[in-house]
Structure formats: structure tokens, C-alpha cells
Amino acid sequence: AEHQRDEKEVAQFRYQCEEISKAIQEKVYPVSYYGGAWPADVLVSVASLSLHDKIFETKYSQTIQGWLDKVKKQLDVNGLIPHAVRPSDGRPIETARGSSQALMLIFLRDIDERLANAQFKLFKENFIDTKFGLTGIREYSKGEFGMGDVDSGPILFGFGGAATIVGMQTLFLYGEYELSIKIRNTIEAFSFPFMNGNEKKYFFGMLPIADAFIAWSHSRVSPDVAIDPSFTSFRIYSILIFSLLSIFFWMLVVSKKSSKTSLHILWE
């Protein structure tokens, strides 16, 4: 309620919105820190301007629209907002990636729903994938290969850790409930969750940042929507891989034993 708002916090929010507005009018993607500009950082800031106009008077609509027009002219080869851009002119230097796309799509809905839906369609085509019976979100688009870094977290079978965790929320917000719940079930099954009283931690409690992002994604995924978790395909792949590895190691053992067998010739 309006009467419950802290005046200092409101003043700080208004001040920061004004600074954001000035920055994005000068550059499409202001520098996040020296030598680097990342659209995801800027998009979250622009979402604050949109929030301002919903809470208070309409003030930044033209600024936001002008910024969006520029964004649409500097998309990557797949028509998506890029992961990283050249600080000087905003041109893409790294194509879209799952971690930043999953995050940006959440906030883009609050800025321009039409553009968000168009971007989500491309995101789904390029980043949603299934490997060994498991559904996840790729860090690099289909056909691309890359290594994990501080943005992506660990990458397994092409699936990005951050992309998949955040993407659980993204998919749910865009109405892809079944895909979202499949990813939620995968996360719950393979992130080693454990309960300690009223607390729940993942990855043995060794990665607080993972706990924070998983909790955040869960906060927007309704617990009332559920599908029966099915790992049938995954189990089949697991059995096949285990069988092949067993045969391989058995052949190694047999080969080793054979090499130790020597031929003895008795001379008279």
C-alpha cells in the first residue's frame, strides 16, 4: 500500500530510475564495468523504468520505446538479444546464450510483451533440448559449442547450470508448464537436495548461489501444477551406457590377462 512505502526508499528508487533513463539514452547498452557491456544487466535496469510507470506516473514510456527500437536493430544472427556487445557501439560480440536469455525473458515481459513472446519463440527453438531422456536448457544454441564460465555455471551434455535453473521459471511464465515441471523434476532429482528442519539445500549446501536461484525460480512456479516425473528414457540410456562400459572394462581385463600369458618351450 502507498502509505506503507518508505519515503527514503521511494526517493532512492526515483533517483536511480532517472539515472538509468539518462544512461540508456546515451548508449543502448551502458558499460557494466570497465571494458564490458552485457545486455542482461541493462535489461533488468530498464525493467525498473517500466515498474516505475506502473507504480507512479507515466514518465519513461518514450525512453523505453526508443531504447527498444535500438535493441531490435542490434540482434544476433538468430534474431535474439546477444549475450555480450561491444561497449562503444552496442554491436554483438557474443551471440545469445541460455543463461542470459532465460533471465532477460523474465524481465522483458514487463517491458514489451509482444517482443518478449517473439524472443521466447526463438529461445525455445534454439535452446530447449533433450539429452539421454532429460530436458534442459542449453548454454549455447544448437550447433554451437562453448565452455562453462562464471555466467553459465557448470555445463553438462550442453545444458547450462544457470540456464536450466533460471529457465524453469522462464518456461512457466510463458505458459510452457509441462517443460517447466520436467526441468523442475530433473533439478530435484539430480541436485542432491536435503532437508534440515524447515530448510532445504541443494548440492550438499556447498553452493549458496545455486540455492538462491533455485528458490527464486520455485517462487514463480505454482506448486499446484504437476506432472508425473518420468525418467524411463533416462533409465534406458543409463542401462545402455552402463552395459557398454561394463563390456569395455571386461574386454580390458581379458586383454590384460592374455598379455600376461607366456609361451614356454621345453628344450631337450
Q: Go through E57 and R14 one step at a time and tell me if the salt bridge (Lys or Arg N to Asp or Glu O under 4.0 Å) criterion holds.
A: CA-CA 11 Å; E57 75 281 3; R14 285 181 177 275; 3.3 Å; yes
Does atom [atom1] of [X] have more than 12 heavy-atom neighbours, drawn from other residues, nucleotides or ligands, at distances under 6.0 Å?
X: K142; atom1: NZ; answer: yes
X: K201; atom1: NZ; answer: no
X: M195; atom1: CE; answer: yes
X: K73; atom1: NZ; answer: no

Quick one, [X] and [Y] - any side-chain contact, counting heavy atoms below 4.5 Å?
X: V10; Y: D6; value: no
X: F13; Y: E9; value: no
X: I55; Y: R5; value: yes
X: L122; Y: N78; value: no
X: D149; Y: S152; value: yes
X: R97; Y: Q101; value: no
X: S21; Y: T63; value: yes
X: S99; Y: E139; value: yes

Q. Does the side chain to side chain contact (heavy atoms under 4.5 Å, CB included) test come out yes or no for Q119 and M104, once each step is laid out?
A. CA-CA 10 Å; Q119 287 284 291; M104 288 191 290; over 6 Å; no
Determine the minimum heavy-atom distance between [X] and [Y], stating which atoms define it.
X: H83; Y: W38; value: O-CD1, 3.2 Å
X: S50; Y: I111; value: OG-CA, 4.1 Å
X: P87; Y: V31; value: CB-CG2, 3.8 Å
X: Q74; Y: G90; value: OE1-O, 3.5 Å
X: L171; Y: S180; value: CB-CB, 3.9 Å
X: V28; Y: V42; value: O-CG1, 3.7 Å

Q: Kindly confirm or rule out a cation-pi arrangement of R138 over F159, judged by NZ or CZ under 6.0 Å from the six-membered ring centre and within 45° of its axis?
A: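 The answer is no; the distance or angle limit is not met.
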Q) Can you list the steps and then say if I183 with T164 is a side chain to side chain contact (heavy atoms under 4.5 Å, CB included)? A) CA-CA 7 Å; I183 289 178; T164 299; 3.5 Å; yes
Q: May I ask you to check whether F145 and Y140 place their ring centres under 6.0 Å from each other?
A: no
Q.
Is the ring pair Y29/W67 parallel, tilted or perpendicular, if the boundaries are 30 and 60 degrees?
A.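 Perpendicular.
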Q: Return the orientation label for the F120 and F123 ring planes: parallel under 30°, perpendicular over 60°, tilted otherwise.
A: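 Tilted, since the angle between the ring planes falls between 30° and 60°.
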Q.
Between D53 (side chain only) and K59 (backbone N and O only), is there a donor and an acceptor less than 3.5 Å apart?
A.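 Checked: pair present.
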Q: Check the side chains of Q169 and Y174 for a donor-acceptor pair under 3.5 angstrom, ignoring hydrogens and angles.
A: no
Q: Rounded to the nearest 0.5 Å, what's the gap from CD1 on I137 to CG on N126? Could you check?
A: 12.5 Å
Q: Take L49 and I24 through the test side chain to side chain contact (heavy atoms under 4.5 Å, CB included) and record every step on the way to the result.
A: CA-CA 11 Å; L49 301 185; I24 64 172; 3.8 Å; yes
**Q.** Shared hydrophobic cluster for L51 and L173 (ILVMFWY, side-chain gaps under 4.5 Å)
**A.**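 No; tracing contacts between hydrophobic side chains, which count when under 4.5 Å, never links both residues.
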